[in-house]
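Take a look at the structure below.
Quick caveat, the model's predicted, so the values are computed rather than measured. Computed over heavy atoms, backbone and side chain alike; hydrogens, waters and symmetry mates excluded.
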Amino acid sequence: MAFESLTDKLQNVFKNLRGKGRLSEEDVKAALKEVKMALLEADVNFKVVKQFVASVQERAVGEDVLNGLNPGQMVIKIVNEEMTALMGSETTELKLLPVDKITVIMMCGLQGAGKTTTAAKIAGKLKIKGRKPLLAACDIYRPAAIDQLKINAEKQQVDFFSMGTGVSPVDIAKASVDQAKKNGNNVVIVDTAGRLQIDEGMMKELCDIKEAIEVHQSLLVVDAMTGQDAVNVASEFNEKVGIDGIILSKMDGDSRGGAALSTKAVTGKPILYVGMGEKLSDLEQFYPDRMASRILGMGDVLSLIDKAVEANAERDIEKDKEMASKMKKGKIDFEMYLESMKQMRNMGGLSSIMGMLPGMGKISDDQLPDEKKLAKMEAIVLSMTPEERRNPKLMNPQRKFRIAKGSGNDIADVNRFIKQFEQMQKMMKQMPGLMGGKRSGFGKFGGLGGFGKNKFF
């Protein structure tokens, strides 16, 4: 999980601060020394850490903070604000020309950073916003690069342009703009070649493309998992080619987070998006304030809402009303279980969702059912007949044996799952307060607090 290691360390520091009724200047300095070490271990640039700690200390040792009603909370608030400022303060949107003109976006980056996948992810986002993008394959060196872009274009249902490997990238880029004019595309995304490391040939090729066509946005894709190296790569590209924005790929695999905290401060260029998974939908708009909240373990409810809205964009409204009505009456069935599983996957999975909820970041992975367990439960439901899914009361020993055999599970697994489902049904019937009734059973069951004990999802 992104920032997991850094978040744990910072939360321990803040826990000690909150535990003290009053703070002295020495208390603040000692806490910030631990913050400094945590940031350095997260592979944040040394100069960035030094400046960050100095800015926090200057504000945190003021008389208003130390003599305030809750100095510990004030220090945490200052850390949050300074961390947000470090990553850019405001969200930066991808700059596009009006819809009647063609915006050219050039993707840059080292080989393996995720340029080709990210180009397709951006195309998908722009398509949702009403644009008509064209993906242009200008990487003629990497084996299967053109095929990869073509397959991703088909998945995103956007236009694709290629001239094979026998034509220069500059000529392909020029031809792609001509193709866009003929085809009515208003965005051209040029997928360029990378190298395993920065070399003059790659830089010259990128500069030649920028000279041959008018590039409106040069976006650099960097692998967040490379930490400090990502910052160095960004600085080099900005100096030699000139970039307008940065996309951090593979953020879901980086437990440290150094790249996100250093890149903007070192290059002065905004982070536009972060890649949070391998699926073509796993590209999130970068919000500095939300990211700071995630790092400090405060959750990110707004991004969770965005995910939910995106996941529900094409859902059947009437079906949702029917499900809501059933839930109000405590009449949940296995069809609803399947639907909830689908929605959870669309939102990035259970661990991703929990990481965005305030106070839930500390739940360990062993308290959550893993993907194999969830797949096992789903297989059980899929082995039921439509009638059995809609009416759980139909379950009898013969049906359970058939379901166990059909899903490849033991009968004990099926019995346990159905028992947990029945417990959930009883719980829903006893908590009408959640659905607008007078008597609330939410406090009785501890809300999400009973999460780790209840293995039904």
Side-chain angles (χ1 to χ4, degrees), residues 1-2 93-94 96 103-139 142-162 176 180 185-194 217 219-225 245-254 271-287 303-315 341-353 355-356 371 375:
M1 191 187 298
E93 296 280 350
L94 188 61
L96 300 172
T103 303
V104 179
I105 300 169
M106 184 173 77
M107 308 296 292
C108 317
L110 295 182
Q111 190 172 314
K115 278 193 313 301
T116 302
T117 304
T118 303
K121 287 180 177 182
I122 291 174
K125 278 196 170 292
L126 294 178
K127 183 190 172 192
I128 291 171
K129 291 181 179 179
R131 296 280 176 158
K132 189 180 179 185
L134 173 72
L135 284 169
C138 291
D139 183 354
R142 181 169 64 89
I146 295 173
D147 289 339
Q148 183 189 351
L149 190 66
K150 183 180 181 181
I151 289 167
N152 285 340
E154 288 171 356
K155 286 181 180 176
Q156 296 285 55
Q157 296 183 326
V158 298
D159 294 325
F160 169 77
F161 180 77
S162 168
S176 70
N185 300 100
N186 49 22
V187 179
V188 175
I189 301 174
V190 179
D191 180 34
T192 66
Q217 292 277 278
L219 304 183
L220 176 68
V221 181
V222 290
D223 183 346
M225 293 177 71
I246 296 165
I247 298 168
L248 294 176
S249 64
K250 308 177 189 178
M251 275 289 289
D252 55 315
D254 179 30
I271 300 170
L272 300 180
Y273 298 104
V274 288
M276 298 299 287
E278 295 179 4
K279 291 192 295 183
L280 290 177
S281 58
D282 291 335
L283 188 70
E284 295 181 10
Q285 182 89 43
F286 184 77
Y287 297 91
S303 289
L304 183 58
I305 291 169
D306 286 347
K307 275 179 174 279
V309 170
E310 194 172 314
N312 292 337
E314 297 179 4
R315 287 188 63 183
M341 290 283 288
K342 178 184 171 186
Q343 291 306 310
M344 188 170 65
R345 270 197 299 270
N346 288 344
M347 291 169 65
L350 190 56
S351 60
S352 172
I353 293 169
M356 292 184 186
E371 289 298 324

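- Note that CD1 of I122 and CG of L280 are 12.0 Å apart. Values are rounded to the nearest 0.5 Å.
- Taken to the nearest 0.5 Å, the CD1 atom of I189 stands 8.5 Å off from the CG atom of L134.
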* side-chain contact (heavy atoms from CB on, under 4.5 Å) evaluation trace for F160 with I146 -> CA-CA 10 Å; F160 169 77; I146 295 173; 3.8 Å; yes
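- The OG1 atom of T117 sits 14.5 Å away from atom NZ of K279, with the distance rounded to the nearest 0.5 Å.
- The shortest side-chain heavy-atom distance between I105 and L126 falls under the 4.5 Å cut-off.
- Counting all heavy atoms, side chain and backbone alike, P133 lies closest to V158 at CG-CG1, 3.8 Å.
- Heavy atoms of other residues, nucleotides or ligands lying less than 6.0 angstrom from NZ of K132 number more than 12.
- By the 4.5 Å heavy-atom criterion applied to side chains, Q285 and Y273 are counted as neighbours.
- For T103 (side chain) and V187 (main-chain N/O), no donor-acceptor pair under 3.5 Å exists by modelled atom type.
- Side-chain N or O atoms of K125 include one that pairs as donor or acceptor with a backbone N or O of L283 at under 3.5 Å.
- Between the side chain of D191 and the main chain of A137, no donor-acceptor pair closer than 3.5 Å is present.
- Rounding to the nearest 0.5 Å gives a distance of 14.5 Å between CD1 of I271 and OH of Y287.
- When atom types are taken as modelled, the side chain of K115 and the backbone of G109 share a donor-acceptor pair closer than 3.5 angstrom.
- Distance check: M251 CE to E284 CD gives 9.0 Å after rounding to the nearest 0.5 Å.
- Side-chain contact between Q111 and R142: present, with at least one pair of heavy atoms (C-beta onward) separated by less than 4.5 Å.
- Side-chain contact between M107 and I247: present, with at least one pair of heavy atoms (C-beta onward) separated by less than 4.5 Å.
- Atom-to-atom distance recorded for S162:OG and L135:CG is 11.5 Å, nearest 0.5 angstrom.
- In this structure, A145 and D139 approach most closely via the heavy-atom pair CB-OD2, 3.6 Å.
- In terms of modelled atom types and a separation under 3.5 Å, the side chain of T116 and the main chain of L149 share no donor-acceptor contact.
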